[in-house]
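Worksheet: one structure, shown below.
Order of the sequence lines fixes the chain letters, A, B, ..., with proteins taken first and strands second; residue numbering starts at 1 for each chain. The structure presented is a predicted model; accordingly, all values stated were derived computationally and were not measured.
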2 protein chains.
Amino acid sequence: MSKETVSIGLSAAIVAVEGERPSVLVVAYDGAADALPFGPFDPAQQRTLESGLRKWVGEQTRFDLGYTEQLYTFGDKGRHESAAGTRVVSVGYLALTRQGKEAPETAWRGWYHYFPWEDWRDSKPAMIDSTILPALKKFVNDAPNAEATELRRERVNVCFGEGWDEERVLERYELLYEAGLVEEFWRDSGRTNKGPSLGTPMLFDHRRILATAIARLRGKLKYRPVVFELMAPTFTLLELQRAVEALAGLRLHKQNFRRLVAEQGLVEGTGKFNAPDRGRPAELFRFRRVVLRERPAPGVRLGVRRSKAS
Amino acid sequence: MSKETVSIGLSAAIVAVEGERPSVLVVAYDGAADALPFGPFDPAQQRTLESGLRKWVGEQTRFDLGYTEQLYTFGDKGRHESAAGTRVVSVGYLALTRQGKEAPETAWRGWYHYFPWEDWRDSKPAMIDSTILPALKKFVNDAPNAEATELRRERVNVCFGEGWDEERVLERYELLYEAGLVEEFWRDSGRTNKGPSLGTPMLFDHRRILATAIARLRGKLKYRPVVFELMAPTFTLLELQRAVEALAGLRLHKQNFRRLVAEQGLVEGTGKFNAPDRGRPAELFRFRRVVLRERPAPGVRLGVRRSKAS
DNA sequence: CCACATAATACTCATTTCGAGTATATATGT
DNA sequence: ACATATATACTCGAAATGAGTATTATGTGG
């Protein structure tokens, strides 16, 4: 066995929602690609991986992480090399927060900059039909043999074919990576891209970690009340709906959304109302923390709409 | 920052089902507690973590892993120390296989040996009311202050209270650990246990990894057709049901189970039948691999029963 | 060969959930 | 007062779900 050393890196996708924009905290080193807050794990100082994460995120971004969740551990050679040449195994985390001030060198950025094909709120993103599907068709045909062709065809169909599954964010990103449609592929393989480059690239494998974070969050929304970690203490039901829509990248049916949320006992009215510019004032609600005790698996079911507008 | 080094360990919960018994491959070092197959990750030789896993599992147990899935990365100090004193960060994997021959030094063992409170197929395990709940009540009362008491009460209620959620395997194990009801707690804290010790202990944090694996598998069953990885090429619908029941630790409604499975197009008849000792012969079915293309998220929904027998 | 016991498979039915609407209520601006 | 905008309530049919009963196909002991 070799003596090559390993170091552990911790990366965090710190997510917030501002109105209709789901955003992620990024570090912008001048000139370089956007990066997630990232730091080494110091085994001598830290008892757990998560405490290590909290510590240097606090130092680096002055953020107090609330809800955090481990996502995945990536160790692929070539997708993240340290300067010293040691192998970096990176453990990705998802953290949810109510948006606050950021530290210098960091900024909130809408996550659909990195994944423009994931936002179906207004309509199916045009780039899917205009750019992605034609390029993926070519990717299918370029397969080395018949078996690989069939496998690729299936993957394309599952990812971008009939029936959009909003949770398959990582699968779609990985497919686009392998098909050479994102910049990271060319950077990692040391070649120059002559074709389309979709979305804004990120440092190392950070866009992959972010894809994992979005996928996990979109899934979790449906069976755990995690949205509330992102909301202000009180909110209107439409604000809550907009937040869920922003995360899921889908529009929901307003009346059914409120029915689901109410029936599940996830919120309770405060008796206070907002003062909108126009229209009837909406009641302000708060999250009922007690549901965590009452119901075994409370969550905001989506109630996806199939046609027309809300 | 210190120079303490880290090494990466890879552990695999390799799962199979033999009839009605869900089992896991364990390594039995003489005298020591049961362990999951476990090996170091060699960054010089392996391109990805998963390929590292496959390699030494193959060497150590002669197993060819089929379906594998990363579970979680554990880095807690004190719950896994290497001999040399270096910190070990362990990445846990779940692997599904059709049971075959094991290598020397390994054995299949029913997973409910390690988690006897998780098997509700016959009835609610008696130990929950007789041992667990009284001990947890004490744990709640021993909390240092009122706030901690309330928090502990909630956790006990979610884990073992009304409405059994079969997926919360890890949460329950962690609660029992903190309450000192499993041997690992006393071993890790260097003290001797004077109270009850539930289930068979494992080496290091392997029982925690196994709990994570069971939880993940129980969840995934419902929305991805993973059971079929554990079945023979052909099987009767009752055999399939028994396998799902074994994994979920619950009984299902037979007629509804077959309706779900059939309607979802997960299986197709072979036209052949088995030859039972008594009763009508059952048709042998096979998994329809094409559903992976057809349906966005096929899985065996459980169709849990609320009363009586099937 | 005929009743059973046993298990597989088919069919029924009430209830709940879901998607998609329409209807009504309460604001503001003119 | 009324047009407009939004919040909230209620309705309705289709599908999914939970829990049965009914029927069919075997082997076995009289």
Side-chain angles (χ1 to χ4, degrees), chain A residues 19-20 163-164 166 222-223 234-242 244-245 248 250-285 295 297-310, chain B residues 19-20 163-164 222-223 234-242 244-245 248 250-285 295-310:
Chain A
E20 306 229 5
W164 181 255
E166 81 282 355
K222 293 169 189 154
Y223 61 94
T234 68
F235 45 83
T236 70
L237 292 182
L238 188 58
E239 284 165 359
L240 181 66
Q241 182 182 339
R242 293 295 180 231
V244 173
E245 288 175 340
L250 293 173
R251 286 286 167 210
L252 307 179
H253 185 283
K254 185 166 166 179
Q255 297 91 323
N256 290 345
F257 178 81
R258 90 179 7 250
R259 175 176 66 186
L260 278 177
V261 167
E263 273 174 5
Q264 291 195 119
L266 288 171
V267 297
E268 62 189 356
T270 60
K272 295 182 181 168
F273 292 82
N274 71 351
D277 281 359
R278 13 171 236 267
R280 175 175 168 176
E283 186 167 7
L284 294 167
F285 289 80
R295 297 177 52 83
V300 178
R301 271 172 299 172
L302 290 160
V304 176
R305 167 155 56 66
R306 303 235 187 268
S307 74
K308 277 192 67 178
S310 56
Chain B
E20 307 228 6
W164 182 256
K222 293 171 191 154
Y223 62 94
T234 67
F235 44 83
T236 70
L237 293 182
L238 188 58
E239 284 165 0
L240 181 66
Q241 181 183 339
R242 293 295 180 231
V244 173
E245 289 175 339
L250 292 173
R251 286 286 169 211
L252 307 179
H253 185 284
K254 186 168 166 179
Q255 297 92 324
N256 290 345
F257 177 81
R258 90 178 7 250
R259 176 176 65 185
L260 277 176
V261 167
E263 274 175 4
Q264 292 194 119
L266 288 171
V267 298
E268 61 191 357
T270 61
K272 296 181 180 167
F273 291 80
N274 71 351
D277 281 359
R278 9 170 243 267
R280 176 174 170 176
E283 186 168 8
L284 293 168
F285 289 80
R295 298 178 51 84
V300 178
R301 271 171 298 171
L302 290 161
V304 176
R305 166 155 57 65
R306 305 235 186 269
S307 74
K308 278 191 65 178
S310 56

- [ ] Name the residue closer to the 5' end of DNA chain D, choosing between A:Arg259 and A:Asn274 according to the nucleotide with the nearest heavy atom.
- [x] A:Asn274

Task: side chain to side chain donor-acceptor pair (under 3.5 Å) partners for A:Arg280, two or more places apart - done: none

Task: Atom-pair distance (CZ on B:Arg258; P on C:dC11), nearest Å - done: 12 Å

Task: Whole angstrom value for the distance that separates P of D:dA25 from CZ of B:Phe273 - done: 10 Å

Open item on the list: What is the distance, to the nearest angstrom, from the NZ atom on A:Lys222 to the C1' atom on C:dC18?
Closed with: 15 Å

Open item on the list: Using whole Å, what does the distance between atom P of nucleotide C:dT9 and atom CZ of B:Phe257 come to?
Closed with: 12 Å

TODO: Take atom CD of A:Gln241 and atom C1' of D:dT8, then tell me their distance rounded to the nearest Å.
DONE: 13 Å

Open item on the list: Could you tell me how far apart A:Asn256 (CG) and D:dT11 (P) are, to the nearest whole angstrom?
Closed with: 15 Å

TODO: Calculate, to the nearest 0.5 Å, the distance between atoms OG1 and CD belonging to A:Thr270 and A:Glu283 respectively.
DONE: 5.5 Å

Open item on the list: Using a strict threshold of under 4.0 Å (side-chain N to carboxylate O), is an ion pair present between A:Glu245 and A:Arg242?
Closed with: yes

TODO: List the protein contact pattern of nucleotides 24-30 of chain C with one symbol per nucleotide (5' to 3'): B for base contact, S for sugar-phosphate-only contact, - for none; contact means a heavy-atom distance under 4.0 Å.
DONE: -BBSS--

Task: B:Phe285 and B:Val261, any side-chain heavy atoms less than 4.5 Å apart - done: no

Task: Sidechain N-carboxylate O distance under 4.0 Å for B:Arg251, B:Glu20 - done: yes

TODO: In whole angstrom, give the distance that lies between atom CZ of B:Arg251 and atom P of D:dG18.
DONE: 18 Å

Open item on the list: Taking the minimum atom-to-atom distance to the side chain of A:Glu283, which one of D:dT8, C:dC18, C:dT9 wins?
Closed with: D:dT8

Task: Short side-chain N/O contact to D:dT8 OP1/OP2 from A:Lys254, under 4.0 Å - done: no

TODO: To the nearest 0.5 angstrom, please state how far the CD atom of B:Gln255 sits from the CG atom of B:Leu237.
DONE: 12.0 Å

- [ ] Kindly say whether, by distance alone, the side chain of B:Gln255 makes a donor-acceptor pair under 3.5 Å with the base of D:dT21?
- [x] yes

Give every donor-acceptor pair under 3.5 Å between a side-chain atom in residues 271-279 of chain A and any protein atom, sequence neighbours left out.
from     : atom 1 : to       : atom 2 : distance (Å)
A:Asn274 : OD1    : A:Ala282 : N      : 2.8

Open item on the list: What is the separation between atom CG on A:Leu260 and atom C1' on C:dT16, rounded to the nearest whole Å?
Closed with: 13 Å

